[in-house]
Amino acid sequence: MKPLKIFILLLIHHVAIAQSSEYNQREVAVTIDDLPVVTRRPTPEVRQNITQRLVKALVENEVPAIGFVNESKLYKFNRLNSARVDLLRQWLEAGLELGNHTYSHPSLHKISLAEYQQEILRGEKITREICEPYGKSPVYFRHPFLHTGRSVEIRDSLLHFLDEHDYQVAPVSVDNADYWFAAAYERTIIDEDTAMQQQVREAYLKYMEDYFAYYERQSEMLLGREIAQILLLHANALNADTFDDLANMIRERGYTFVSLAEALEDTAYRTQEDTFTGKGGISWIHRWALTQGKQGDFFKGEPTVPAFIDDLANSF
Ligand SMILES: [Zn+2]
């Protein structure tokens with residue numbers, strides 16, 4: 001073979017490796033909200049079943065996930081329910097992390113900052129206690145509804161409060177409406193409509209893949225590269241049933257699952273300016289984009305929920 005030909009072949013080979021390794025460098029942290037469980041079938045059996053399957057799927061897929069707790073859900077008739085606390089222990093037992101999602105899931109846009117701060121402190125009591133034997137403590141805070149404050153002053157006062165209590169904000173980059181598909185899914189379970197269940201699962205997986213593609217593009221357009229993504233999911237039956245498939249899809253896109261701490265090492269989460277004080281609970285990528293004055297076309301192509309999912313979810 002002529003030297004030039006060898007050189008070209010080597011070059012092609014090198015470029016192919018560079019491209020594939022770049023592709024393989026995608027990272028995503030999985031964060032799961034509204035623990036212990038979100039369901040329309042509030043029985044101990046259903047709660048246990050969802051927790052067990054979700055935690056198992058996370059462990060089997062080697063996903064260092066974090067779950068954000070609403071401690072109000074640990075009480076039944078104002079009394080702490082030990083079975084529900086045990087659901088959280090299953091997360092810790094599996095080596096997963098727990099974070100603070102306030103006591104009762106209020107919106108910062110609807111109550112005073114002082115009340116909100118009380119919600120945060122009240123929301124860490126049990127979590128802190130049960131984390132201790134595992135040598136852990138809650139160090140991440142996730143805003144309910146991703147509502148971060150209608151003014152920069154409120155937002156910054158809260159950040160200061162969180163800092164004083166050794167909390168860091170858990171942003172979201174891959175925002176989506178998994179909770180809406182999950183409501184539709186609960187309807188199909190209650191109706192014992194297995195064919196429809198399957199359709200919901202398939203539509204959900206496609207929708208989530210579209211969302212990954214969307215935020216990969218958005219990140220590329222805004223920052224010229226793909227950031228370490230942070231996915232938001234909820235602790236529901238749909239994710240318990242589909243997480244294996246979801247994890248496969250994510251891996252096939254070239255992602256490695258990382259912890260929230262690792263994802264937050266991406267400089268974007270520290271350096272991107274964010275003055276967003278709008279009503280919506282939107283992706284941090286979109287907050288940065290709006291801060292930079294992006295509008296209209298930039299946001300084009302966001303995946304939508306199919307009508308049949310709306311119909312099922314609206315049936316409650
Ligand atoms: Zn929530």
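We count ligands from 1, going down the list as the structure has it; atoms in each ligand are counted the same way.
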Can you list everything that forms a ring-ring contact (aromatic ring centres under 6.0 Å, His included) with Tyr116? Sequence neighbours excluded, please. none
Any pair with a residue in residues 85-99 that passes salt bridge (Lys or Arg N to Asp or Glu O under 4.0 Å), sequence neighbours left out, goes on the list, sorted by first then second residue, please. Asp86-Arg89, Glu97-Lys136
Would you verify whether the NZ or CZ of Arg84 falls within 45 degrees of the ring axis of Tyr75 while also being under 6.0 Å from that six-membered ring's centre? no
With salt bridge (charged side-chain N to carboxylate O under 4.0 Å, His left out) as the criterion, how do Arg287 and Asp175 come out once you've worked through the C-alpha distance, each side chain's angles and the decisive distance to 0.1 Å? CA-CA 12 Å; Arg287 290 165 199 244; Asp175 187 30; over 6 Å; no
So, the side chain of Asn61 versus the backbone of Val63: is there a donor-acceptor pair under 3.5 Å, distance only? no
Give me the protein N, O or S atoms that fall under 2.8 Å of the Zn ion (ligand 1), sorted by chain and residue number. Asp34 OD1, His101 NE2, His105 NE2
Atom pairs and distances, donor-acceptor, side-chain atoms in residues 208-215, under 3.5 Å, two or more places apart:
from: Glu209; atom 1: OE2; to: Arg253; atom 2: NH1; distance (Å): 2.7
from: Asp210; atom 1: OD2; to: Lys206; atom 2: NZ; distance (Å): 2.8
from: Tyr211; atom 1: OH; to: Glu302; atom 2: OE2; distance (Å): 2.6
from: Tyr214; atom 1: OH; to: His286; atom 2: NE2; distance (Å): 3.2
from: Tyr214; atom 1: OH; to: Phe299; atom 2: O; distance (Å): 2.6

